[in-house]
Amino acid sequence: MTARIVALAGSLRLGSYNRKLLKLAVQELEKLKAEVDVVDLKTANLVVYDGDIEGVGIPPEVTALAERVSRAQGIVISTPEYNHSIPGGLKNFIDWLSRVRPQQPFQDKVGAIMGATAGVGLTLRGQLVLRQSLTALGVLLLPGNVAVARAADAFDETGALKDSRTQELIAKLMSQLVHVSLANPLATKGT
Ligand SMILES: Cc1cc2nc3c(=O)[nH]c(=O)nc-3n(C[C@H](O)[C@H](O)[C@H](O)COP(=O)(O)O)c2cc1C
C-alpha cells in the first residue's frame with residue numbers, strides 16, 4: 001500500500017527556509033515510496049477567514065484544499081515561528097479547512113511538525129501553537145519534531161543540510177509518518 005501525504009510550508013515567500021526544509025522531507029517521503037501532494041499557500045491565495053463569506057458558502061478553493069487533505073493519510077508541515085506563534089496564512093488555512101462539513105479534513109490524520117528559523121529559537125514555541133491547533137482538530141501528531149535554527153547558515157548551495165544529524169531526524173520523522181499513516185485505519189480514506 002502507498003501512503004498518501006500532504007506536505008505544506010507555513011511560509012509563503014519563495015526563498016523560504018521552511019520550503020527548503022519541506023523539500024528535504026518530501027525527498028525522504030519519496031524514498032519511502034509515499035505519494036506526496038505539496039500544497040502551496042502562496043498560490044492557494046485564500047481570503048482571510050470571514051464568517052460572512054462562510055455564510056454565503058465555503059469558497060471553492062477551500063473545498064478543493066480540504067479534499068486534498070482529506071484524501072491523504074498523513075500531513076507534514078514545516079513552519080516558521082511568527083511572534084512566538086504560527087504565521088497568519090497557515091492559521092487561516094487551518095481555520096478555513098476546519099469549517100468544511102460534514103467532516104473537517106484533519107480528523108484522524110497522522111501529523112508531523114517541522115520548523116526553520118533565521119534566528120536562534122528553533123521555532124519551538126510556534127511548533128507548540130501548531131500542535132495545539134492540530135490536536136484540537138483530531139490530528140494524531142507524532143511526538144518527534146525537526147527544528148532548524150540559524151537557517152541562513154544551515155543549508156549548503158545544493159539545498160542539503162550541513163548538519164547530518166538533522167537530516168537523520170527528518171528521515172526518521174518521515175519514516176514514522178509513513179508507517180504510522182499506513183497502520184492507522186482511521187486515516188485510510190479516499191481512493
Ligand atoms: C512577522 C514576523 C514575526 C517573526 N517572529 C519570529 C519569532 O517569534 N521567532 C523566530 O524565531 N523568528 C521570527 N521571525 C523570523 C523568521 O523566523 C524568519 O523570517 C524566517 O526565516 C521565516 O521563515 P521562512 O524563511 O520560511 O520564510 C519572524 C518573522 C516575521 C516576518
Side-chain angles (χ1 to χ4, degrees), residues 5-30 34 36-50 61-62 65 68-69 72 74-98 106 109-137 139 141-174 176-177:
I5 308 291
V6 162
L8 175 87
S11 171
L12 275 64
R13 76 184 187 98
L14 294 174
S16 157
Y17 299 121
N18 284 280
R19 283 183 189 266
K20 284 188 177 184
L21 192 59
L22 189 75
K23 194 171 172 189
L24 298 177
V26 169
Q27 286 168 358
E28 292 296 338
L29 289 167
E30 286 171 346
V36 187
D37 180 9
V38 180
V39 167
D40 190 336
L41 287 181
K42 194 179 189 80
T43 54
N45 226 357
L46 296 180
V47 66
V48 173
Y49 175 81
D50 178 340
E61 56 274 25
V62 172
L65 285 173
R68 286 167 70 181
V69 173
I75 181 164
V76 53
I77 300 177
S78 181
T79 185
E81 176 179 277
Y82 281 3
N83 299 314
H84 298 183
S85 183
I86 57 174
L90 175 57
K91 184 63 163 51
N92 191 47
F93 165 84
I94 294 169
D95 289 343
W96 263 123
L97 267 61
S98 75
F106 296 106
K109 303 301 173 195
V110 180
I113 294 176
M114 313 198 305
T117 175
V120 295
L122 286 167
T123 74
L124 297 181
R125 292 161 297 202
Q127 290 195 24
L128 278 178
V129 173
L130 180 57
R131 207 163 265 280
Q132 182 170 301
S133 280
L134 293 179
T135 299
L137 293 169
V139 178
L141 286 166
L142 294 168
N145 72 327
V146 172
V148 173
R150 295 189 175 92
D153 296 322
F155 299 90
D156 70 16
E157 60 287 351
T158 70
L161 282 166
K162 292 178 189 166
D163 178 14
S164 62
R165 287 166 304 178
T166 309
Q167 183 62 44
E168 283 163 22
L169 278 179
I170 297 173
K172 182 170 182 195
L173 191 64
M174 292 309 101
Q176 289 176 336
L177 182 60

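As the structure lists them, so they are numbered: ligands from 1, and atoms in each ligand from 1.
Every atom of ligand 1 is numbered from 1 in the order shown, and the set under 4.0 Å from a heavy atom of N18 is 23 (O), 24 (P), 26 (O). Annotation for ligand 1: atoms under 4.0 Å from non-hydrogen atoms of S11 are 24 (P), 26 (O), 27 (O). Under a 4.0 Å criterion applied to the non-hydrogen atoms of Y17, ligand 1 contributes the atoms 21 (O), 24 (P), 25 (O), 26 (O).
By the 3.5 Å distance cut-off applied to N or O atoms, R125 is not counted among the residues near ligand 1. At least one N or O atom of S16, backbone or side chain, sits closer than 3.5 Å to an N or O atom of ligand 1.
For atom 18 (C) of ligand 1, the nearest non-hydrogen atom from the set S85, G88, A118 comes from A118.
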Chi angles and distances behind the side chain to side chain contact (heavy atoms under 4.5 Å, CB included) call for I77, F93: CA-CA 12 Å; I77 300 177; F93 165 84; 5.5 Å; no
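To the nearest 0.5 Å, atoms CG (D50) and CG (D95) are separated by 12.5 Å. Taken from CG in L169 to CE in M174, the straight-line distance is 10.5 Å, to the nearest 0.5 Å.
For N83, the heavy-atom gap to ligand 1 drops under 4.0 angstrom. Under a 4.0 Å heavy-atom criterion, P80 is in contact with ligand 1.
With respect to the salt-bridge test (charged N to carboxylate O, under 4.0 angstrom), the residues D163 and R165 qualify.
Contact annotation for R13 and ligand 1: only side-chain heavy atoms (C-beta onward) come within less than 4.0 Å of the ligand.
Each of V148, L161, V146 was compared with L24 under the side-chain contact (heavy atoms from CB on, under 4.5 Å) criterion, and only L161 meets it. Considering L65, I75, V36 in turn, I75 is the only one that fulfils the side-chain contact (heavy atoms from CB on, under 4.5 Å) rule with V6.
Side-chain atoms of L90 and L8, non-hydrogen and from C-beta on, do get closer than 4.5 Å to each other.
In terms of protein heavy-atom proximity, atom 6 (C) of ligand 1 is nearest to E81 O, 2.9 Å. Nearest protein heavy-atom neighbour of atom 10 (C) of ligand 1: T117 OG1, 3.5 Å.
S16 and N18 form no side-chain donor-acceptor contact under 3.5 Å, judged by distance and modelled atom types alone.
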